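Data first, discussion second: the structure below is written as structure tokens.
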Amino acid sequence: MSMDLIIEAKDVAKWYGAFQVLKDINLTVRKGERIVVCGPSGSGKSTLIRCFNRLEAHQQGEIIVNGITLHDKMRNVAEVRKNVGMVFQHFNLFPHMTVLMNCMVGPMWIKGLSAAEAEKTALRFLERVRIPEQANKYPVQLSGGQQQRVAIARSLCMEPAIMLFDEPTSALDPEMVSEVLDTMTSLAKDGMTMVCVTHEMGFARAVADRVIFMNSGQIVEEGNPQAFFTNPKHERTRLFLSQILKH
Amino acid sequence: MSMDLIIEAKDVAKWYGAFQVLKDINLTVRKGERIVVCGPSGSGKSTLIRCFNRLEAHQQGEIIVNGITLHDKMRNVAEVRKNVGMVFQHFNLFPHMTVLMNCMVGPMWIKGLSAAEAEKTALRFLERVRIPEQANKYPVQLSGGQQQRVAIARSLCMEPAIMLFDEPTSALDPEMVSEVLDTMTSLAKDGMTMVCVTHEMGFARAVADRVIFMNSGQIVEEGNPQAFFTNPKHERTRLFLSQILKH
Amino acid sequence: MLYPDTVEAEVLVHKPWFVAMMFAIILAVFLAFNLTGTVMGELMRPVIGDPLQSGLYGRFAVAFVVAVIFSLNVVLIGFAPLKVQVAIVWLELLGLFLAFFETFHLSLPFIWQKLPFLITQGAVTTLYVSAISIVIASVIAILGAVAKLSTNGFAYAIASFYTSFFRGLPLLMQVYLIYLGLPQLGFVIDAVPAGILALSLCYGAYMTEIFRSGIQSIDRGQWEASRSIGFGFGITMRRIILPQALPVIIPPTGNQFISMLKDSSLVSVIGVWELMFLARTLGQKTFQHMEMLISTAMIYWIMSICLELIQSRIERHYARSKVR
Amino acid sequence: MLYPDTVEAEVLVHKPWFVAMMFAIILAVFLAFNLTGTVMGELMRPVIGDPLQSGLYGRFAVAFVVAVIFSLNVVLIGFAPLKVQVAIVWLELLGLFLAFFETFHLSLPFIWQKLPFLITQGAVTTLYVSAISIVIASVIAILGAVAKLSTNGFAYAIASFYTSFFRGLPLLMQVYLIYLGLPQLGFVIDAVPAGILALSLCYGAYMTEIFRSGIQSIDRGQWEASRSIGFGFGITMRRIILPQALPVIIPPTGNQFISMLKDSSLVSVIGVWELMFLARTLGQKTFQHMEMLISTAMIYWIMSICLELIQSRIERHYARSKVR
Amino acid sequence: GAVLDRVLAAKTLKVATDANWAPQSFMNDKNELDGFDVDVAKDIGKRLGVSVEFVTPGWDIITAGNWSGRWDMHVGSMTPTKARAEIFDFPGIYYYTPAAVAVHKDSKAATLADLNDKAVGTTATSTFEAYAKQDLTLDAAGAPAFKYEFKPKDVKSYSNSTTAFDDLRLGDGTRLDAVVSSLPSIIDAEKAGYPIKQLGEPVFYEPLAVATEHGDAEFDAKISEAVKDMQSDGTLSKLSVKWYGVDYTVVK
Ligand SMILES: Nc1ncnc2c1ncn2[C@@H]1O[C@H](COP(=O)(O)OP(=O)(O)OP(=O)(O)O)[C@@H](O)[C@H]1O
Ligand SMILES: Nc1ncnc2c1ncn2[C@@H]1O[C@H](COP(=O)(O)OP(=O)(O)OP(=O)(O)O)[C@@H](O)[C@H]1O
Ligand SMILES: [Mg+2]
Ligand SMILES: [Mg+2]
């Protein structure tokens, strides 16, 4: 296998009780690749990317992230997670800390940066998402969009090798979406690998190296955006795309 | 003033401490009208529609909803809210009740329907949002999109005269967006008035009677979608639209 | 404060029907209880003649006056701003209770004479025994809560046995067991350490449950966010979960602190001269134990008011991040 | 359970370094305490000769055997599934405690003879006094919590005075005040009602604080959703807020129930024959009160284990909606 | 024996007593322990040539035995019953308390027999309670004979005698008609202004002794000797008169 594979999933399967959420997932991601995952609600997109930093355990198959195989008895799960940033659908900011602290704690407690250095890093990324002026507010005092941007900044502060986004732009207004996507694009140029669950087809078209379409736990189709949008192979994908393009 | 005005806001202003969120808002909504509110994050869109069912108090000006003036000492605030459904950005489902119960409680405890009748109503609207099979799950067991649809169904169950949507489709995948928007369109045909904060420009173009653009607490521009999208009058609006159309 | 509705309620006590109802109820209550024999009757002597002879008329007159005074008082207070209202009502209630204590005909000089000893010996002992015990109990509680929530069989079994045993047995029994039982195993332990040990173990068990529920109340999204950054269990617990659990933990813990103050009196059975022990003994000889009990009660009350104030400051501190 | 990480920890007690460390610590501890004089020493007589004469060698031998047994036990238990582990550890701890009680040389026939009376008279009284008081206290607590969170000056002042006063004063004092003070106002009240009144008022005050914090812990989004449907204050509180607050409220309330069981013994000062009173009196005459105290402690423990089981069932019921 | 050696080596005699049992032992105005028992203990100490230190554990703790050297003897008006003799030695009986009956000032009872079928309050587990329930056995050495003077309908037991007096004070027959207690505490209550009075003669006399743990005969002998000396040289009588106004050290 080539050296620059950063995520490899082989025959991954996962069940919730009797319900199979993921079936036969085979996926490889190269360093610096930007992947967009889309698909209908409940198709297992969130579950899949949560397996990549082992917030969820898979029951069959193999997942290798950054050269480390994820399994039940691993010791270095923190090592994996340190290098895999995650932006949640529901933000999950730490409500008892200011925005600034939210961004500072990762670098401080994991990387051992001093408070001053961590603050500098934090402010840099808060500026990148255009909310440095909110640094001393508490999360609950921000609008939904502002909160989502803090969540992105918090992940970026750890300067991870891989970023997982779970619908990072869903609560943002269109202006902010494009700013955040710009940030993401520039990060991608720095060599950061990204897996992004999103329905922003515009973004997928513009930025993604590959688009993956999931349906009821399976990867139904994958391909470069051009092929994916203009010439979808599967009926299900075509239906999905037609719905999107309708409005 | 014409008889079929259902929401009237006159010179409304609102402050959070020293920060003015709403400035000189003048807006009238006729029965059956579908209004889309858009604008950048933090511009006061949520605050504005929350004033319409008095979840927020305004400090200046006058708001009349369904013929009832909203003020500090009103007795019939429940009367107003009963007729104004609201779908929140963060769903706010009742986590201790099943999906079905979430939809049944309004009709049962406010309108006095029997449990059987309420269940029938609830199932009808759950079908409309395409998740009748989730009726006996608890909210936390659903995906984000499913939760948002329950929130919409819960509001619809009260069959209110006015519906306020605060980014109701933000957590939905594109397929579901169009289904939900279809539902909303059909509701609009039944004569329901809607005020919808959304960035789904496709929806605005297709369904809205009027589009309102807000920026830092003010209504900057309003007009029919056609005029709004093709020929925006203000520089700010033009900028905003260019961002949207970029991706 | 509850999340208040945006609609202001009218001031209830200024609504005529409410005032009328209140007046009627009080009149009825005081008609039912004959007050003519009390100070009230004495004060009304000019109007009703000899209180004891005044019969139904006297009774009605007294009740009427009481009801008028009460209603007027309430209506007037209703005009004051919130803080003043609270202060006035507090003072009035305090006054009522002091008047109630008056009915015991307490000897004030005796109280003044014994007060210094009550405070320097009793209150100080009570305070330091409780303070040390609370600190130990809190440490036990955090460990216990984590153990009780863990998937480790040993930790869970030991922690659940511990909470069950030390909550299940009366504190007095635990004091006995430690004071009398440990010597049988070869450790002779003094009264004060034995008391502190018993209190810590017992309260540790109660507080384990409080901490457990606090930790459980935190949304799993917080765990996920913390883990996804790479924080281990220790940091997640100390920096993310516990600080957020504190608002939920503090009020019941405050309860425990306050009741610890009182429960520490159980160590008097092993001969520690704390506050309650002195209260019971100082007045015993001259049969002035009511004096002593009431002064002690007041000292306890003052101590717990201090704890309440501290608690409300801490709560305010943690509420910062919730204000919007 | 905590939200567990997806990574299984290795079984700690099967790691060689951990076992070795445990062994060393136990060896050291039992070398420090001389066990040769105990049953352990007696059992080792074949190996070490007369325990009391065996000196350092005997001491070491005993400590070694204890450490081996202990470590082996722990390692073996480590292989069992979780539930079995918990059960075994519980039984072992229970056995240890019973052995500890054995050192008091209790007379079992005496216990058997008195047990029926202890239960029919004492436990029953304790139970019904506590049960009634808890019900009243819960009602008071809900009202108190709402009042304390309200913006109404009167309600707030009265509720905060109430919680401060009845938490601040020792329960014993409240029992006295009600039992001896009320007659001075003209209400002669029996011992049991007086006890129940005092317990309800006191625990109502503590539980007010618990309910308050539970209600405050609910997200304001729930209030907004409830209001936007048109629910008034009553429905919102009863059907939306309180049910969600319950998981947070239940564990500290369970604490209160359990400690109420024990605190109800204070009513014995006014002559109610509850469990603790009997424990102290039954054995007094024949000088066997340790027997009585320990049996009583066991009865209390059994009662609180029942409460714990009920509590965990309720918690599980309310946790339903959190499982995903 | 071990205890005596310890006492002599430390030059202090640790005495357990009650702090809540006036006038035998209580907290005086100077907030120190004082009373008849306390004076007796101090005198014993003087005779042994050591200073005395008091500790005040609860009655349950004292009578549980297993003192573990925390204190050396108990001077707290303990009745030397047979059951207690299994755990303790009683090296010296130093006085006898008369038990008496108190009624409210307004009581119409003229003789003890008038209390038949009335409500009587006592201290739980005391000999007074046993007497009121007609269940008293004074199996102690040197206990004088007695007879039951009345048979109450209802015996209410309190955890201490003051609560019983408090109930009696509320009025004749409000909660209680009479209280059986020790004569000294009745007299004290009267002095403190309780509206009560003694009714009839004392109903029985209870011998009270110093207690030590088994196992040190030498120590017991020393104490026994000291108590005898105190009796013979009149110290005990003097102390009794000082605290009670009467000589309780002999049975009348
Ligand atoms: N703990 C659980 N137990 C049972 N079913 C679950 C659980 N968590 C998720 N599911 C189900 O698994 C499926 C996939 O969930 P997932 O959150 O991955 O969907 P998704 O593709 O991210 O959807 P969305 O776009 O709505 O967020 C859904 O049908 C959901 O109901
Ligand atoms: N309680 C509050 N105190 C102070 N400022 C507040 C408060 N609530 C909201 N704001 C501020 O008011 C502004 C408007 O908020 P609002 O939630 O209405 O924005 P919005 O237009 O809905 O934005 P979004 O699209 O991000 O949801 C924001 O700048 C926000 O930070
Ligand atoms: Mg998802
Ligand atoms: Mg908003």
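Just so you know, these numbers come straight off a predicted model, no measurement behind them. We name chains A, B, ... by the order of the sequence lines, and we start the count at 1 in each one.
Note on D/Ala87, D/Ala205, D/Ser164, D/Gly214: by heavy-atom pairs under 4.5 Å with chain C, the leading option is D/Ser164. Options D/Leu93, D/Ile215, D/Val89 differ in how many heavy-atom pairs under 4.5 Å they form with chain C, and the most are formed by D/Leu93. When the candidates C/Leu180, C/Leu171, C/Asn152 are compared by the number of heavy-atom contacts under 4.5 Å with chain D, C/Leu180 comes out ahead. Chain D forms more heavy-atom pairs under 4.5 Å with one residue of C/Ala297, C/Gly153, C/Pro170 than with any other, namely C/Pro170. For the set C/Ala145, C/Ser265, C/Cys202, C/Ser304, the count of heavy-atom pairs under 4.5 angstrom toward chain D peaks at C/Ser304. Ranked by heavy-atom pairs under 4.5 Å with chain D, the first of C/Val146, C/Ile210, C/Leu293, C/Ile158 is C/Leu293. Among D/Met173, D/Arg227, D/Glu209, D/Glu308, the residue with the largest count of heavy-atom pairs under 4.5 Å with chain C is D/Arg227. Counting heavy-atom pairs under 4.5 Å between each of D/Phe233, D/Trp223, D/Trp90 and chain C puts D/Trp90 at the top.
If you measure heavy-atom distances from C/Ile294 to chain D, the contacts under 4.5 Å come from both the backbone and the side chain. With a 4.5 angstrom heavy-atom cutoff, C/Leu177 touches chain D via backbone and side-chain atoms both. The part of C/Met276 that comes within reach of chain D is its side chain, from C-beta onward, which places non-hydrogen atoms under 4.5 angstrom from that chain. In this structure, chain D has no heavy atom under 4.5 Å from any part of C/Gln174. Using a 4.5 Å cut-off between heavy atoms, D/Glu315 contacts chain C through its side chain alone, with no backbone atom that close. Of the atoms belonging to C/Val74, heavy atoms from both backbone and side chain fall under 4.5 Å from chain D. Of the atoms belonging to C/Gln311, it is side-chain heavy atoms, and not backbone ones, that fall under 4.5 Å from chain D.
Atom CZ of C/Phe165 is separated from atom CG of D/Leu94 by 8.5 Å, given to the nearest 0.5 angstrom. Atoms CD1 and CG, on C/Ile299 and D/Leu169 in that order, are 11.5 Å from each other to the nearest 0.5 Å.
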Residues D/Lys262, C/Asp263; criterion side chain to side chain contact (heavy atoms under 4.5 Å, CB included); working and verdict:
CA-CA 11 Å; D/Lys262 269 79 60 59; C/Asp263 269 355; over 6 Å; no
Identify each donor-acceptor pair in which a side-chain atom of residues 246-255 of chain C lies under 3.5 Å from a protein atom, sequence neighbours left out, and give them as a table.
residue  : atom : partner  : partner atom : Å
C/Thr253 : OG1  : C/Ile249 : O            : 2.8
C/Asn255 : OD1  : D/Arg167 : NH1          : 2.5
C/Asn255 : ND2  : D/Tyr206 : O            : 2.8

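Looking only at side-chain heavy atoms (C-beta outward), C/Phe154 and D/Ile77 come within less than 4.5 Å of each other.
With sequence neighbours excluded, the residues that form a side-chain hydrogen bond (donor to acceptor under 3.5 Å, both in side chains) with C/Thr163 are C/Lys148.
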